[in-house]
Novice: 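Dropping a structure here in structure tokens format, bear with me for questions.
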Amino acid sequence: MRKEKIQYMTRTIQNWAGNVQFKPENYLLPEHPDEIATYIRRAAQEGKKIRTVGSAHSFSPLIETSDWLLSLDHYQGLTSVSPESRTATAKAGTKLYTLGELLFQKGLAMENLGDIDRQSLAGALTTGTHGSGTGFGILATQVEALSLLDGHGNLHSCSRTQAPELFRAALVSMGLLGVITELKLRLEPAYRLHYTHLKGDLDETLENLEDYKRNNRNFEFYWFPHTKSVQQKLVNRTDDSPRHNGAMRWVNDVLIENAAFGALSRYARRFPGQAMRISRLCGKLISDGERVDWSHRVFATTRLVPFVEMEYNIPAENFVGAFREIETAINKHRFAVHFPVECRWAKADDLLLSPANGRESAYIAVHMYKGMPYKAYFETLEAIFKAHGGRPHWGKMNTCTAKDFQKMYPDWHQFLAIREKMDSNGIFMNAYFGQLIG
């Protein structure tokens, strides 16, 4: 039995975008589940709240608290690997970029990933993070089983066959049911991907959208507002050996997509009236390219230019109509925006608070450079998303209320009942969720 210990410290916390800043009373860095349980029990005794932080990549105030903030940065790595069953169990704080390499060393890989790998495993999964591809669910659907500590410090294990209702609730739960400690992942043998990015035309892309989605393992596109230019991203499995020009990749990913775009973004922030012109310039500069590499190295994209983001999931059949309304709204209001609109797809699932619950899904994400006015832009597009059955990404900005979520999620009250059972004292709540849940 590990000796219980409490080590308190405090620090100012801000998320990646800098739009959420706060100073918790205590910042906790446990190295073992026993320590996490100790913190939970002590919080209950002292009437404190605990929020869990991964890499602070969410734009909504999920982690904000004036009480205790628990980080799993010191709780990373694999606890077991089974190449035969193609599964592995990982500690919840493991960063995705670390996980990808650890699995690769064992000849394994996740079936799909998003385009950022800086998040912690549990943080990415429990906020509904996703990649793109009509044959794949959100990242949480790759979990076979998990363990979590409830509001009394008691350990629960669940899966599709063991406590299945808790399992379906916990996978997208934003830390409201407890602190997830380990996750068992369903994996594939390590595989290579052929990644192609192409300059395309918006109207042609929308006209042939179903072909693009059907004929590629992963497909997504980025539209530059005030133009007809899109960047298409097509990803397919291959047996070819890895091939890529490291220098050219650095030029494209870092110099052009980050350094140059960052300079243009700073200019747009200083002179907002030039944002439309900058968007048009970026649309003209879209280039074609390709590379072959191992899957976890293809999915991830370097993101160094800071922004705020709103993303909504809508039924896939509503995508073209919603997108055309977005295009019309941006042109009508002449919004000073130069960041592209990102469009991706995901398969339906049955996780209680997954935005993809019960429907084949499209995701549309809009961004604004840090420090530029975004409210009018986001609110105008949010109204379009909601009119098309939208559900916001839990980690992205939105203005939804408790009434909105009750309408959006058929399993909302089932989730709340499970939350009450797992955390009857509200240990894992904060002000934001207090407004949504009560």
Side-chain angles (χ1 to χ4, degrees), residues 97 100 109 112-118 130-136 191-265 278-305 307 309 311 319 323 338-346 362-367:
Y97 60 87
N112 204 29
L113 286 166
D115 61 358
I116 297 176
D117 62 2
R118 301 293 99 180
H130 60 94
S132 190
T134 57
F136 305 98
Y191 59 96
R192 294 180 291 276
L193 293 172
H194 181 193
Y195 164 58
T196 305
H197 57 89
L198 303 168
K199 182 175 182 178
D201 173 78
L202 175 62
D203 295 333
E204 185 276 333
T205 300
L206 295 180
E207 181 179 350
N208 296 292
L209 183 60
E210 295 306 314
D211 289 337
Y212 283 119
K213 290 159 54 181
R214 181 172 55 252
N215 296 330
N216 293 282
R217 183 186 193 272
N218 308 92
F219 173 74
E220 61 186 286
F221 76 87
Y222 295 75
W223 169 61
F224 284 85
H226 314 293
T227 78
K228 288 292 184 179
S229 299
V230 302
Q231 182 185 56
Q232 300 172 346
K233 294 189 174 184
L234 301 84
V235 178
N236 293 286
R237 292 187 68 142
T238 182
D239 293 327
D240 292 350
S241 299
R243 67 172 190 272
H244 53 79
N245 185 319
M248 283 303 298
R249 182 178 178 185
W250 183 89
V251 168
N252 286 326
D253 293 355
V254 178
L255 184 60
I256 296 177
E257 292 194 10
N258 285 285
F261 190 65
L264 290 171
S265 297
I278 291 172
S279 183
R280 296 186 185 107
L281 174 62
C282 291
K284 292 179 181 178
L285 293 176
I286 295 172
S287 61
D288 296 349
E290 64 174 355
R291 74 174 189 269
V292 174
D293 210 336
W294 295 99
S295 60
H296 63 290
R297 298 171 185 168
V298 168
F299 289 121
T301 302
T302 303
R303 296 285 182 89
L304 302 178
V305 182
F307 55 82
E309 181 179 356
E311 183 177 40
F319 174 79
F323 192 92
H338 64 286
F339 264 76
V341 176
E342 182 179 15
C343 302
R344 294 178 284 177
W345 285 266
Y363 285 85
I364 303 177
V366 294
H367 314 72

Novice: Indicate yes or no: at least one non-hydrogen side-chain atom of Glu220 is less than 4.5 angstrom from one of Val235.
Specialist: no
Novice: If you take all heavy atoms of Trp345 and Lys213, which pair is closest and at what distance?
Specialist: NE1-NZ, 3.6 Å
Novice: Take Asn218 and Phe299 through the side chain to side chain contact (heavy atoms under 4.5 Å, CB included) test and state the conclusion after the steps.
Specialist: CA-CA 10 Å; Asn218 308 92; Phe299 289 121; 4.0 Å; yes
Novice: In Å, rounded to the nearest 0.5 Å, how long is the span from CG of Asp211 to CG of Asn216?
Specialist: 10.0 Å
Novice: What is the distance from atom CG of Asn215 to atom CG of Asn236, rounded to the nearest 0.5 Å?
Specialist: 9.0 Å
Novice: Within a 6.0 Å radius of atom CG on Asp203, are there more than 12 heavy atoms belonging to other residues, nucleotides or ligands?
Specialist: yes
Novice: Using a 3.5 Å distance criterion without hydrogens, assess whether the side chain of Asp201 forms a donor-acceptor pair with backbone atoms of Glu204.
Specialist: yes
Novice: Minimum heavy-atom separation for Val341 to Ile364, with atom names?
Specialist: CG1-CG2, 3.6 Å
Novice: For atom NZ of Lys284, is the number of surrounding heavy atoms from other residues, nucleotides or ligands below 6.0 Å larger than 12?
Specialist: no
Novice: Which is it for His197 and Ser287 under the side chain to side chain contact (heavy atoms under 4.5 Å, CB included) test, yes or no, and what are the steps along the way?
Specialist: CA-CA 8 Å; His197 57 89; Ser287 61; 4.0 Å; yes
Novice: Report the C-alpha separation of His130 and Phe136 in whole Å, then their side-chain angles, then the decisive distance to 0.1 Å, and conclude whether the side chain to side chain contact (heavy atoms under 4.5 Å, CB included) test is met.
Specialist: CA-CA 9 Å; His130 60 94; Phe136 305 98; over 6 Å; no
Novice: Which heavy atom of His194 sits nearest to which heavy atom of Thr238, and what is that distance?
Specialist: N-CG2, 3.7 Å
Novice: Does the side chain of Ser265 come within less than 4.5 Å of Phe339's, by heavy atoms?
Specialist: yes
Novice: If the test is ring pair (Phe, Tyr, Trp, His ring centres under 6.0 Å), which one of Phe261, Trp223, Phe307, Phe224 qualifies with His338?
Specialist: Phe261
Novice: Roughly how far apart are Arg297 CZ and Tyr97 OH, rounded to 0.5 Å?
Specialist: 15.5 Å
Novice: Indicate the atoms forming the closest heavy-atom contact of Ala300 with Asp117, along with that distance.
Specialist: CB-OD2, 3.3 Å
Novice: Could you state the interatomic distance from CZ (Arg214) to CG (Asn208), rounded to the nearest 0.5 Å?
Specialist: 10.0 Å
Novice: List the atom of Arg192, the atom of Val292, and the distance in Å for their closest heavy-atom pair.
Specialist: CB-CG1, 4.4 Å
Novice: Using a 4.5 Å cut-off on heavy atoms from C-beta on, say whether the side chain of Phe319 contacts that of Leu206.
Specialist: yes
Novice: Does Thr301 form a side chain to side chain contact (heavy atoms under 4.5 Å, CB included) with Lys233? I'd like the steps, not just the answer.
Specialist: CA-CA 12 Å; Thr301 302; Lys233 294 189 174 184; 4.3 Å; yes
Novice: So, for Leu304 and Thr302, which heavy atoms are closest and what is the spacing to 0.1 Å?
Specialist: CG-CG2, 3.7 Å
Novice: Calculate, to the nearest 0.5 Å, the distance between atoms CZ and CG belonging to Phe323 and Leu209 respectively.
Specialist: 10.0 Å
Novice: Is there a donor-acceptor pair closer than 3.5 Å between any side-chain N or O of Ser132 and the backbone N or O of Phe219?
Specialist: yes
Novice: So, Asp288 side chain and Lys199 main chain: donor-acceptor pair closer than 3.5 Å or not?
Specialist: yes
Novice: What's the spacing between Leu285 CG and Leu264 CG if we round to 0.5 Å?
Specialist: 8.0 Å
